[in-house]
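Scroll down for the structure; my scribbles are underneath it.
All values below were derived from every heavy atom in this structure, side-chain atoms included, with hydrogens, water molecules and symmetry-related copies excluded. A note on names: the letters A, B, ... follow the listed sequences, proteins ahead of strands, and every chain is numbered from 1.
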Amino acid sequence: MTLSEELRWRGFINQTTLENLTELDTKEWTFYHGFDASSDSQTIGNLAAMMLDLVFLRHGHKAILLAGGATSLIGDPGGKDEERPLQSEETIRYNVAQAEKQLRHIMRGHDFTMVNNIDWYQSMNVIAFLRDIGKHFGMSTLVQRDYIQKRIGEGGGGMSFTEFSYTLLQGYDFLHLFNKYGCTLQLAGADQWGNSLSGIELIRKTHAQQAHVITLPLVINKATGKKFGKSEAGAIWLDEVKTSVYKFYQFWLNIDDEGVIDYLKIYTLLSKADIDALEVKTQAAPQKRAAQKTLAYEVTKLVHSEERVNNVMKVTEVLFGNQPVASLSKQELTDLAAEIPTTHSGESVVKTLLMAGLAGSMSEAGRLIKNGGISLNGQKVTNDEVINTTPSLLKKGKNSFCLIR
RNA sequence: GCUGGGGUAGUGAAGCGGUCAAACACAUCUGACUGUAAAUCAGACGGCUCAGCCUUCGGGGGUUCGAAUCCCUCCCCCAGCACCA
């Protein structure tokens with residue numbers, strides 16, 4: 001499959017300045033893709049963007065990945081209703097390091113260039129910025145941009161000059177990379193379309209050359225119609241400290257049938273033949289969840305590691321399958337303890353629920369028992385007994401657990 | 001600064017002197033049905049030493065046998081006006 005065909009099939013194209021996508025198939029491109037570092041970890045929303053880069057890399061194109069140290073210090077006004085508070089340099093430096101670490105991990109096995117735009121902004125003075133960059137931007141076109149209109153128009157939240165200038169910085173990033181690396185293509189999220197155009201315009205005005213952009217669509221959860229990757233508990237992070245490997249795996253395993261094939265296309269590098277086969281299987285026997293299992297395995301392997309997925313899968317067997325906790329080895333118990341809350345024996349069920357955070361108060365714990373929502377090693381708990389056997393598995397509902405060892 | 005309207009449990013929102021731990025909706029949790037799904041139905045949803053008691057209705061003070069409900073005061077939000085520009 002050619003790159004252009006693959007991009008279309010995987011659903012990676014939202015908007016592009018390329019007249020014909022097949023231009024991607026006939027020559028080698030150097031592209032850049034910027035990642036926001038306003039948070040200390042990337043999310044699975046950003047992961048979709050990384051997958052797009054991986055597809056390009058696999059087709060032999062050259063990647064420049066940019067962790068936006070400078071741009072994150074300014075703050076992207078796009079899609080925000082209000083001015084955001086500035087973050088300290090120290091925080092951003094840490095976030096950039098995190099972003100770079102995660103990008104390197106996801107792209108492991110591929111060659112690419114990692115850059116940080118603070119490197120070229122740090123030494124730039126304000127006069128140079130205004131004269132060399134600012135001069136190329138007309139106020140009337142800037143002011144017409146939707147996100148700016150929304151903010152400075154009637155009922156808008158207002159906007160500082162700082163955020164207003166953001167698009168110039170991003171525009172210059174592209175120009176800089178064009179000059180230094182011959183980069184002529186930007187890949188970006190759908191919300192970055194306007195900013196990317198700034199770069200293209202800047203390159204055209206300064207070098208009379210045509211650069212291009214491809215934006216990927218925002219991944220939408222078809223079942224809820226909302227942005228994908230936000231669970232009730234918040235975003236799904238790539239950092240295992242923020243979203244444990246177990247929770248991460250579970251998130252993918254619980255994807256609804258409607259969306260699972262789309263997500264396989266975006267979040268795994270499986271071939272069309274493999275994904276088509278899974279689609280058939282899922283339609284024939286949805287309760288087996290073959291597609292979900294593959295998705296969960298592949299994504300967790302990519303973002304964490306093969307060893308960690310296998311681990312988590314074994315844990316899953318104990319929690320949801322029929323394997324008793326007692327059947328686990330010492331090492332496996334330690335792994336399990338890392339994924340779910342763990343307490344010691346000799347306490348009552350109510351107290352244990354409280355310690356494990358499965359109930360917020362004793363009243364709630366008591367209620368759960370009365371409702372039949374608690375089971376110990378597969379047996380429904382009917383009154384508040386003391387737990388003495390170790391290891392034991394205390395279960396609240398179907399999805400919450402506590403290990404007693 | 002003035003005038004008017006507000007601040008009630010996770011959210012929205014009733015209540016306007018006792019029957020208020022506070023209607024209702026949503027969110028959440030549990031159970032049933034299932035596929036660790038969705039939908040649907042049922043229950044729960046401040047705390048505790050749990051047929052009882054304790055702490056809550058922006059903060060503090062007061063009136064009253066009794067206050068989320070009345071009065072005083074302070075803080076905060078919204079709308080309009082004024083001041084400023």
Any strand: nucleotide that pairs with [N] via Watson-Crick or wobble, under 3.5 Å:
| N | value |
| --- | --- |
| B/A85 | none |
| B/A13 | none |
| B/G4 | B/C78 |
| B/A37 | none |
| B/U55 | none |
| B/G43 | B/C29 |

Tell me whether the centres of the aromatic rings in [X] and [Y] are closer together than 6.0 Å.
| X | Y | result |
| --- | --- | --- |
| A/H33 | A/F31 | no |
| A/Y121 | A/F129 | no |
| A/W252 | A/Y267 | yes |

Rounding to the closest angstrom, what is the interatomic distance between [N] and [M] at atom [atom1]?
| N | M | atom1 | value |
| --- | --- | --- | --- |
| B/G7 | B/U69 | P | 12 Å |
| B/G17 | B/G6 | P | 15 Å |
| B/A27 | B/A22 | P | 23 Å |
| B/U63 | B/C70 | C1' | 8 Å |
| B/G1 | B/G47 | P | 41 Å |
| B/A23 | B/G15 | C1' | 8 Å |
| B/U3 | B/A82 | C1' | 10 Å |
| B/G5 | B/G58 | C1' | 16 Å |

Open item on the list: For A/R289 and A/G366, find the nucleotide of RNA chain B closest to each by heavy atoms; which residue's nucleotide sits nearer the 5' end?
Closed with: A/R289
TODO: With RNA chain B as reference, determine whether A/L354 or A/G373 sits nearer its 5' end, using the nearest nucleotide of each.
DONE: A/G373
Phosphate contact ([N] OP1 or OP2) by [X] side-chain N/O below 4.0 Å:
| X | N | answer |
| --- | --- | --- |
| A/N399 | B/A37 | yes |
| A/S400 | B/C29 | no |
| A/R367 | B/G47 | yes |

Just how far, in rounded Å, is [atom2] of [N] from [atom1] of [X]?
| X | N | atom1 | atom2 | result |
| --- | --- | --- | --- | --- |
| A/L319 | B/U36 | CG | P | 13 Å |
| A/K288 | B/U34 | NZ | P | 17 Å |
| A/N383 | B/C50 | CG | P | 15 Å |
| A/I374 | B/G43 | CD1 | C1' | 15 Å |
| A/L353 | B/C29 | CG | C1' | 13 Å |
| A/E317 | B/U36 | CD | P | 11 Å |
| A/F401 | B/U36 | CZ | C1' | 8 Å |
| A/M362 | B/G46 | CE | P | 17 Å |

- [ ] Would you please classify the geometry between the A/Y172 ring and the A/H176 ring as parallel, tilted or perpendicular, with 30° and 60° separating the classes?
- [x] tilted
With heavy atoms under 4.0 Å as the rule, sort [X] into base, sugar-phosphate or nothing.
| X | answer |
| --- | --- |
| A/K395 | nothing |
| A/K370 | nothing |
| A/S363 | base |
| A/L253 | base |

Open item on the list: Any N or O donor-acceptor pair under 3.5 Å from the base of B/U34 to the side chain of A/Q287?
Closed with: no
Open item on the list: Check A/K351 with A/D384, please: is the shortest side-chain N to carboxylate O separation under 4.0 Å?
Closed with: no
Task: Sidechain N-carboxylate O distance under 4.0 Å for A/R308, A/E240 - done: yes
Task: Shortest side-chain distance from A/K398, nucleotide among B/G35, B/U36, B/U30 - done: B/U36
Under 3.5 Å, which donor-acceptor pairs link side chains of residues 56-70 of chain A to any protein atom two or more places apart or in another chain?
from  : atom 1 : to    : atom 2 : distance (Å)
A/H59 : NE2    : A/E6  : OE1    : 2.7
A/H61 : ND1    : A/W29 : N      : 3.0
A/H61 : NE2    : A/L24 : O      : 3.4
A/K62 : NZ     : A/E28 : OE2    : 3.0

